Number of protein chains: 2
Amino acid sequence: MPTTTALSQAQELCDTLTDDADELIREIITRLTDKWSLWVMHVLATTDRPMRFSRVMEQVEGISQKSLTKTLRQLERDGLVTRKMFAEVPPRVEYAITPIALEMFEHVEPLWLWVAKSVTLFQSAREAFDGRGK
Amino acid sequence: MPTTTALSQAQELCDTLTDDADELIREIITRLTDKWSLWVMHVLATTDRPMRFSRVMEQVEGISQKSLTKTLRQLERDGLVTRKMFAEVPPRVEYAITPIALEMFEHVEPLWLWVAKSVTLFQSAREAFDGRGK
DNA sequence: CAGTATCCAGATCGATACTG
DNA sequence: CAGTATCGATCTGGATACTG
């Protein structure tokens with residue numbers, strides 16, 4: 001196959017990866033589409049300073065405590081946010097975005113922007129399909 | 001807020017979107033991370049000619065008939081693959097990738113490549129986290 | 001061949017209640 | 001304040017059997 005398409009690059013890199021790495025890549029990419037991760041990161045990124053659990057919860061409208069905890073743990077585990085606990089009463093915990101997360105954002109945005117720009121195309125595709133009586 | 005970060009572009013575009021469009025964008029992006037969609041598209045893209053249902057099923061190792069049907073229907077609905085039925089016995093149905101899907105790939109790949117290149121970073125983040133006894 | 005129909009297991013996520 | 005524990009509804013996807 002000629003190496004003219006964007007597919008070929010991925011193809012080559014893909015072959016060098018272990019199964020573990022492959023699964024981790026999937027999980028990282030999945031963070032971009034599960035219900036809250038991107039929103040939580042966005043809040044932390046735009047605020048751009050450490051935020052308490054309850055502040056994040058206010059900004060991410062509709063999230064439950066349980067889901068916020070889980071989301072933050074996942075993001076922390078993957079190095080996308082940091083968690084700092086203070087030995088105070090009442091307890092204070094601060095979350096912050098990491099450089100690697102910001103770098104990831106730089107690569108997510110072009111894709112997201114393209115989809116957003118192309119949204120009318122997708123809308124008419126759906127109308128055509130649904131209109132065919134499926 | 002200054003418009004110096006990549007975040008600001010998305011911010012502006014986001015404000016112009018209807019809720020419907022917003023949801024559709026989410027769904028399109030979600031296709032990138034559900035279990036089979038990207039793999040199915042990849043098979044159709046690299047083969048680069050119409051493929052029968054059973055050929056796709058062979059190439060996408062481990063997928064069930066039900067999941068393949070569902071995946072193809074979703075992709076068809078969003079205009080990412082085409083479906084052509086032939087009035088023959090036994091029935092023949094051919095699927096093909098669309099230009100818009102190929103265009104989407106061009107925007108997905110940079111992100112995917114970045115994650116793949118950064119995978120060792122994510123791996124050590126996890127080791128550090130898991131090693132802390134969480 | 002290319003599905004559809006049915007059943008089922010596991011994961012996700014919200015609501016609620018409780019705790020150091 | 002920042003969680004954990006528990007329950008239940010919903011969704012996803014696999015296995016299997018059946019059909020035009």
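This structure is a prediction, so every number in the text was calculated from the model and none was measured. In what follows, chains carry the letters A, B, and so on, assigned in the order in which the sequence lines appear, proteins first and then strands, with residues in each chain numbered from 1.
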Handout entry: nucleotides 8-20 of chain D: protein proximity per nucleotide (B base, S sugar-phosphate only, - neither; heavy atom, under 4.0 Å)
Key = -----BBB-B--B

Fill in the blank from the handout: B/Arg92 meets the salt bridge (charged side-chain N to carboxylate O under 4.0 Å, His left out) criterion, sequence neighbours left out, with B/Glu88, B/Glu94

I'd like a table of donor-acceptor pairs (distance under 3.5 Å, sequence neighbours excluded) in which one partner is a side-chain atom from residues 114-121 of chain A, with atom names and distances.
unit_1	atom_1	unit_2	atom_2	d
A/Trp114	NE1	B/Glu103	OE2	2.9
A/Ser118	OG	A/Trp114	O	2.7

Problem - Residues A/Leu72, A/Phe53; criterion side-chain contact (heavy atoms from CB on, under 4.5 Å); working and verdict - result: CA-CA 9 Å; A/Leu72 285 168; A/Phe53 185 89; 3.9 Å; yes

Practice task
Would you give the length of the straight line joining atom CG of B/Leu24 to atom CG of B/Asp20, rounded to the nearest 0.5 angstrom?
Solution key: 8.5 Å

Problem - D/dG3 phosphate, OP1 or OP2, under 4.0 Å from A/Arg83 side-chain N/O - result: yes

Practice task
List in chain and number order the residues that pass side-chain hydrogen bond (donor to acceptor under 3.5 Å, both in side chains) with B/Arg126, two or more places apart in sequence or in another chain; answer none if no residue qualifies.
Solution key: A/Glu27, A/Asp78

Check residues 55-67 of chain A and write down every donor-acceptor pair under 3.5 Å in which the side-chain atom is one partner and the other belongs to a residue at least two apart or another chain.
unit_1	atom_1	unit_2	atom_2	d
A/Arg55	NH1	A/Glu58	OE1	3.0
A/Arg55	NH1	A/Glu58	OE2	2.2
A/Ser64	OG	A/Ser67	N	3.2
A/Ser64	OG	A/Ser67	OG	3.1

Practice task
Would you please name every residue forming a side chain to side chain contact (heavy atoms under 4.5 Å, CB included) with A/Ala101, sequence neighbours left out?
Solution key: A/Met41, A/Leu80, A/Ile97, A/Thr98

Practice task
Would you indicate, yes or no, if C/dG3 has its OP1 or OP2 atom less than 4.0 angstrom from a side-chain nitrogen or oxygen of B/Thr69?
Solution key: no

Handout entry: Whole angstrom value for the distance that separates P of C/dT12 from CG of A/Leu68
Key = 16 Å

Practice task
Would you mind classifying the nucleic acid contact of A/Tyr95 as base, sugar-phosphate or nothing, using non-hydrogen atoms under 4.0 angstrom?
Solution key: sugar-phosphate

Practice task
Could you check how far CE of B/Met57 sits from C1' of C/dA2, rounded to whole Å?
Solution key: 10 Å

Fill in the blank from the handout: Read 5' to 3' with Watson-Crick or G-U pairs under 3.5 Å, [ ] for crossing pairs and | for partners on another strand, DNA chain C gives ||||||||||||||||||||

Exercise for the section: Figure out the CZ/C1' separation between A/Phe53 and D/dC1, and round it to whole Å. Expected result: 9 Å

Practice task
May I have the distance from B/Arg73 (atom CZ) to C/dA5 (atom P), rounded to whole angstrom?
Solution key: 11 Å

Problem - Interatomic distance, B/Leu72 CG vs C/dG3 P [rounded to whole Å] - result: 8 Å

Exercise for the section: Round to the nearest Å and state the distance from A/Met85 atom CE to D/dC1 atom C1'. Expected result: 11 Å

Fill in the blank from the handout: Sorted by chain and residue number, the salt bridge (charged side-chain N to carboxylate O under 4.0 Å, His left out) partners of A/Glu23 (sequence neighbours excluded) come out as none

Problem - Residue pairs involving residues 31-40 of chain A (criterion side chain to side chain donor-acceptor pair (under 3.5 Å); sequence neighbours excluded) - result: A/Arg31-A/Asp34, A/Thr33-B/Thr33, A/Asp34-A/Ser37

Problem - Length of the CE-P vector between B/Met51 and C/dC1, whole Å - result: 14 Å

Fill in the blank from the handout: In whole angstroms, the gap separating P of C/dG3 from CD of B/Glu94 amounts to 12 Å

Handout entry: Below 4.0 Å: OP1/OP2 of D/dA2 and any side-chain N or O of A/Arg52
Key = yes

